[in-house]
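Inspection log for the structure reproduced underneath, given as structure tokens.
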Amino acid sequence: MEEKTLKEFLESSPPGKLYHVSKFVKYTNQTCYIDQPEINLYCLNETCQGIRYFGSREQVWVSRSEHNDKYLTYVCQNCRRSFKTFSIWAFKDNSGKWQVAKYGENPPFGPPTPSRTFKLIGGERKLFLLGRKNEIQGMGIGAFVYYRRVIENQKNRIFDELIRVINKISPGDDVINDLEMAKNETQFTKAVDSIKHSLPQSLFINGYNPLTLLHAALSEGVHEHSDDECLELAGSVRAVLFEFAERLGLALKDEAELNAAVTKLAKKKSAVDK
């Protein structure tokens, strides 16, 4: 059985999987409590919107001789308004180690879905969230199939958003005509194959064309891989989709900021010339 610290377990372990958790308890006045560490989590509160320190709200005691069903509640140390609750099962086995598993979390386990991703995938929010649910529960084939369907169904919307952004940041780029033609293909992978020119470098992810990355994952046949392999592919598709949506949004933001700066300086120049 894999062993983790309680911090690692709370931050990065999905529900439903059993772990040996080291340094799980502490003793206060002969009472056994869970030794809850400070942890790093994403805070959804609008004042944070990023990774923040979360601290436990109260001590939680456990029995060393019985099965324990417990709730651990954490609060963001920055805004003090965002909470995270873990529902866990814990038992001290014959080896003296603590076996611990999560029943669930609220908000749910896994990275939050950026609002820009929902904007990019349009009306496929429900299918995408089903994919996230499958991924969180370790059901790789289901997650991969849902994600692939989302991208296939929203192919034209994704291309339209790309065209809109490229028209802003690189008007007249040859890839715009490629994207318009690619919309005639029914499948995402065939559409990407038909694109001859590359996207602007500002939209690349770690030096790679995001359409090529998605193509590489989605061209894999689901029947050719184990559930674990499909889970890994699904996670990669989601991560690239998240980052792709962010790059599109940032490109427009950068362009808007540049235009505003140019307009402001142009007005100052005109005032000086007068």
Contact summary for [X] and [Y], nearest pair of heavy atoms:
| X | Y | result |
| --- | --- | --- |
| S82 | F54 | O-CE2, 3.6 Å |
| I169 | S202 | CD1-OG, 3.5 Å |
| P107 | F83 | CD-O, 3.4 Å |
| P210 | V240 | O-CG1, 4.2 Å |
| C230 | H225 | SG-CB, 3.9 Å |
| Y74 | F86 | CD1-CE1, 3.9 Å |

Do the side chain of [X] and the main chain of [Y] share a donor and acceptor less than 3.5 angstrom apart?
| X | Y | result |
| --- | --- | --- |
| N40 | Y53 | no |
| T117 | T113 | no |
| N106 | T85 | no |
| E66 | S63 | no |
| E124 | I151 | no |
| S219 | A216 | yes |
| N78 | R52 | no |
| Q36 | E58 | yes |
| T5 | E8 | yes |
| D227 | G140 | yes |

**OP:** Please list all pairs passing the ring-ring contact (aromatic ring centres under 6.0 Å, His included) test where one or both residues lie in residues 97-156, with sequence neighbours left out.
**Re:** F24-W98, F128-Y147
Do [X] and [Y] make a side-chain contact, defined as non-hydrogen atoms from C-beta onward lying under 4.5 Å apart?
| X | Y | answer |
| --- | --- | --- |
| S12 | K4 | yes |
| E161 | R157 | no |
| F244 | L248 | yes |
| H20 | D93 | yes |
| Y33 | V25 | no |
| K92 | K97 | no |
| C43 | C79 | yes |
| E229 | E224 | no |

**OP:** Mind running side-chain contact (heavy atoms from CB on, under 4.5 Å) on D160 and K183 for me, showing each step along the way?
**Re:** CA-CA 9 Å; D160 282 339; K183 288 162 59 177; 2.7 Å; yes
Original post:
Under the side-chain contact (heavy atoms from CB on, under 4.5 Å) criterion, do L211 and L179 qualify, and how do the steps go?
Top reply: CA-CA 11 Å; L211 292 181; L179 290 167; 4.3 Å; yes
Subject >> Test log, rule side-chain contact (heavy atoms from CB on, under 4.5 Å), inputs V237 and R148 >> reply: CA-CA 8 Å; V237 169; R148 182 164 64 184; over 6 Å; no
Answer yes or no: are there more than 12 heavy-atom neighbours, outside [X] itself, under 6.0 Å from its atom [atom1]?
| X | atom1 | answer |
| --- | --- | --- |
| K133 | NZ | no |
| K119 | NZ | no |
| N206 | CG | no |

Measuring from atom [atom1] of [X] to atom [atom2] of [Y], what distance do you get when rounded to the nearest 0.5 angstrom?
| X | Y | atom1 | atom2 | answer |
| --- | --- | --- | --- | --- |
| D228 | L233 | CG | CG | 11.5 Å |
| Y208 | L214 | OH | CG | 14.5 Å |
| I121 | L127 | CD1 | CG | 8.5 Å |
| M1 | S95 | CE | OG | 8.5 Å |
| L6 | L72 | CG | CG | 7.0 Å |
| I195 | I176 | CD1 | CD1 | 12.0 Å |

**OP:** Show your reasoning for whether side-chain hydrogen bond (donor to acceptor under 3.5 Å, both in side chains) applies to N29 and T31.
**Re:** CA-CA 5 Å; N29 297 326; T31 302; over 6 Å; no
Should [X] and [Y] be regarded as members of a common hydrophobic cluster, given that ILVMFWY residues are connected when their side-chain heavy atoms come within less than 4.5 Å of each other, either directly or indirectly?
| X | Y | answer |
| --- | --- | --- |
| F91 | Y27 | no |
| V100 | V60 | yes |
| F9 | I136 | no |
| L44 | I39 | no |
| F242 | L213 | yes |

**OP:** Show your reasoning for whether side-chain contact (heavy atoms from CB on, under 4.5 Å) applies to W89 and L18.
**Re:** CA-CA 9 Å; W89 173 91; L18 196 60; 3.5 Å; yes
**OP:** Among residues two or more places apart or on two chains, list those pairs meeting side chain to side chain donor-acceptor pair (under 3.5 Å) that have a residue in residues 231-246.
**Re:** R116-E246, E135-R238, E243-R247
Original post:
Yes or no on salt bridge (Lys or Arg N to Asp or Glu O under 4.0 Å) for E152 and K155, after CA distance, side-chain angles and deciding distance?
Top reply: CA-CA 5 Å; E152 293 284 0; K155 169 182 66 67; over 6 Å; no
Subject >> Distance-only side-chain donor-acceptor flag, T73 / K84, under 3.5 Å >> reply: no
**OP:** Mind checking side-chain hydrogen bond (donor to acceptor under 3.5 Å, both in side chains) for D173 and listing every partner two or more places apart, or none if nothing turns up?
**Re:** S170
